[in-house]
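All chains are named by letter (A, B, ...) in the order of the sequence lines, taking the proteins before the strands, and each is independently numbered beginning at 1. Note that the coordinates shown come from a computational prediction; the quantities given were computed from them, not determined experimentally.
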Amino acid sequence: MKKYKILSLLNSDAPLDNVLINGWVRTRRDSGGFSFIEINDGSCLKNAQIIADKNLPNYDDIKKLSTGSAVTVLGNLVESKGGGQKWEVQATKFDIISMAPDSFPLQKKRHTDEYLRTIAHLRPRTNKYGAAFRIRSEMSFAIHKFYKDKGFAYIHTPIITGSDCEGAGEMFKVTTINQDKTPKTEGKADFSSDFFGKAANLTVSGQLSAEMFALALGDVYSFGPTFRAENSNTRKHAAEFWMLEPEIAFGDIYDNMDLGEETIKYLTGYALDECGDDLELFAKYVDNNLYKNLETISSSDFVRLSYEEAVKILAGCGKKFEYEVSFGKDLQSEHEHFLAEEHFNKPVIVYNYPKSIKPFYMRVNDDGRTVAAMDILVPGVGELIGGSQREERLDVLESRMDESGLSKKDYWWYLDSRRFGTVPHSGFGLGFERLLMLVTGIKNIRDVIPFPRTPGSIEF
RNA sequence: UCCCCAGUAGCUCAGUCGGUAGAGCAAGUGGCUGUUAACCACUGGGUCCGCGGUUCGAGUCCGUGCUGGGGAGCCA
């Protein structure tokens, strides 16, 4: 006998004898002298239909099998006499590993996403969430494949950082000091006796570290967890999320845009090609336009326009916005939605933003008032990518840090990269959960991450 | 953090004018020899989110808190 995953069993092109499968009961239907038992092992969306005959020695127990129970079945893969499936397993030995009591919270019907969030430890056992997390796994692999094939090196940038600002958002503190006994010097918290001898935080971005490696290994990317202590309560934000951050040496803002566009096209195309049944579930039950959207994104060229052109379009479109549009003000989500969904109805790359609204590390353009920043806005999820060409000129970078009130002493190692063999380089961050929202059509970030962390919520 | 909406059986919801709790599904029991979220019959199941108030009487009205959702800001 051989152990099979249900995925490979259902893809068999011939009957098989003595197959062993393991899984969890999804549903049981009794019929006179035998029972139909559908089991799922997580290897694919589909269940295997098991025929359990009344002649099995433990048939009385089998007839009590409830949804969620775990079983091991030995049997023969035969062509199904019923209409719903090609193959079924005629059981010769049916072991019940454990019974799930009737308090098992998942029922054979649709539950709301809000309810399933309260049982996040069990929701991957549903069709929808099983599919979502298989797609998450596939897309992670696709990221590595895409960048490896392009010759990028994968860099593990640190999770704990000593930088108190990485150019994005509030940070979570990392400390071993008992909070009630935090030492203070002249009224301010003193971390000199803390674990690292100075204040430490969870990273909000691996970018600064990735830049150092781009200037050594050429093209690199990091892909890992990132943390923001912002009190954001929206369907697009989480306190812990995964970010892909490529960084290319000898590349300018246009190379950066090309890479971002190519990345999104590859990943959406990969989902269409490789995620089959799982993707179909979302196209059928979650977002009816899913296939069309993904095909558009993976095959048509993205619109590119400067921030200045974007402002002109928004100011001249005749639409009333809640927030006024003018040069020097950041684009609000209503503006981004208008551009990506109403005006162009495809992904839009907006570049060359005003210097005043962007962080210190973005390269100042020749006009002196804009920086080589670029955002990629996608219908449905809004900002999917944010990136820039980095300021490689030491003097300009130093004066930008002064303007921003940052300590050059703390960033001595970052500035060193501009002292020793500096080159034009660029990179961006892509929110992995937002990519998954785009690929699955799922509308809430809490439903594409296994155990979501959001303000006031850290169960599981 | 701000604005808006919601919270009733295990789940999804209804509940009229303020008059003492309902359905479907699920569960339990029985039936059925090819079912597909099987079907049929019967049975059990309630802190109406918490606290306070108005009232003869509150699921229903008022205040407040908590939880969840949507939108905004911030951002990926």
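- For the pair Phe241(A) and A76(B), the ring geometry qualifies as stacking, because the centroid separation is below 5.5 Å while the planes lie within an angle under 30°.
- Taking only side-chain nitrogens and oxygens, Arg29(A) never comes nearer than 4.0 Å to OP1 or OP2 of U35(B).
- Both distances falling under 3.5 Å, in either a Watson-Crick or a G-U wobble arrangement, place C61(B) opposite G53(B).
- Ring pair Phe432(A)/Phe223(A): centre-to-centre distance below 6.0 Å.
- Among the protein residues, His237(A) comes within range of the nucleic acid bases, having at least one heavy atom under 4.0 Å from a base atom.
- Comparing C51(B) with A58(B), their P atoms are spaced 14 Å from each other, to the whole Å.
- Note on Asn444(A): a side-chain N or O is less than 4.0 Å away from OP1 or OP2 of G70(B).
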Start with the C-alpha distance between Asp113(A) and Arg446(A), add both sets of side-chain angles, then the distance that settles salt bridge (charged side-chain N to carboxylate O under 4.0 Å, His left out), and finish with yes or no. CA-CA 9 Å; Asp113(A) 294 323; Arg446(A) 297 170 180 89; over 6 Å; no
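- Under the Watson-Crick and G-U wobble criteria, each requiring two contacts below 3.5 Å, nucleotide C39(B) is paired to G31(B).
- Ring pair Tyr411(A)/Tyr414(A) is perpendicular by interplanar angle, where above 60° counts as perpendicular and below 30° as parallel.
- Around CZ of Phe213(A), the count of heavy atoms belonging to other residues, nucleotides or ligands within 6.0 Å does not exceed 12.
- Separation of atoms NZ (Lys93(A)) and CG (Asn18(A)) is listed at 12.0 Å; rounding is to 0.5 Å.
- Across all strands shown, the partner of A23(B) is U12(B), judged by Watson-Crick or G-U wobble contacts whose two distances both fall under 3.5 Å.
- For Ser35(A), no side-chain nitrogen or oxygen approaches OP1 or OP2 of U35(B) to under 4.0 Å.
- For Arg369(A) and Phe327(A), the positive end sits near the middle of the six-membered ring, less than 6.0 Å away and at most 45° from its axis.
- For G45(B), there is no paired nucleotide, since no Watson-Crick or G-U wobble pair has both relevant distances below 3.5 Å.
- Of the side-chain N and O atoms in Arg446(A), one or more sit less than 4.0 angstrom from OP1 or OP2 of G69(B).
- Between the CD atom of Gln90(A) and the P atom of U35(B) there is a distance of 15 Å, rounded to whole Å.
- The distance between the ring centers of His121(A) and Phe451(A) does not fall below 6.0 angstrom.
- A sub-4.0 Å separation between OP1 or OP2 of U33(B) and a side-chain N or O of Lys54(A) is absent.
- At the phosphate of G70(B), neither OP1 nor OP2 sits under 4.0 Å from any side-chain N or O atom of Arg235(A).
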Please enumerate all protein N or O atoms sitting under 3.5 Å from an N or O of nucleotides 1-5 of chain B, with distances to 0.1 Å.
| from | atom 1 | to | atom 2 | distance (Å) |
| --- | --- | --- | --- | --- |
| U1(B) | OP1 | Asn231(A) | ND2 | 3.0 |
| U1(B) | O4 | Asn233(A) | ND2 | 2.6 |

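- RNA chain B lies under 4.0 Å from at least one heavy atom of each of the following residues of residues 325-341 of chain A: Gln332(A), Ser333(A).
- The distance between atom OH of Tyr115(A) and atom C1' of G69(B), rounded to the nearest whole Å, is 17 Å.
- Under the Watson-Crick or G-U wobble criterion, with both distances below 3.5 Å, C75(B) is left unpaired in every strand shown.
- A cation-pi geometry, defined here as NZ or CZ lying under 6.0 Å from the six-membered ring centre and within 45° of its normal, holds between Lys265(A) and Phe302(A).
- For U36(B), neither phosphate oxygen OP1 nor OP2 lies less than 4.0 angstrom from any side-chain nitrogen or oxygen of Arg28(A).
- Looking at Arg434(A), its side chain comes within 3.5 Å of the base of C75(B) through a donor and an acceptor atom.
- With A37(B), C11(B), U35(B) as the choices, the nucleotide that has an atom nearest any side-chain atom of Gln107(A) turns out to be C11(B).
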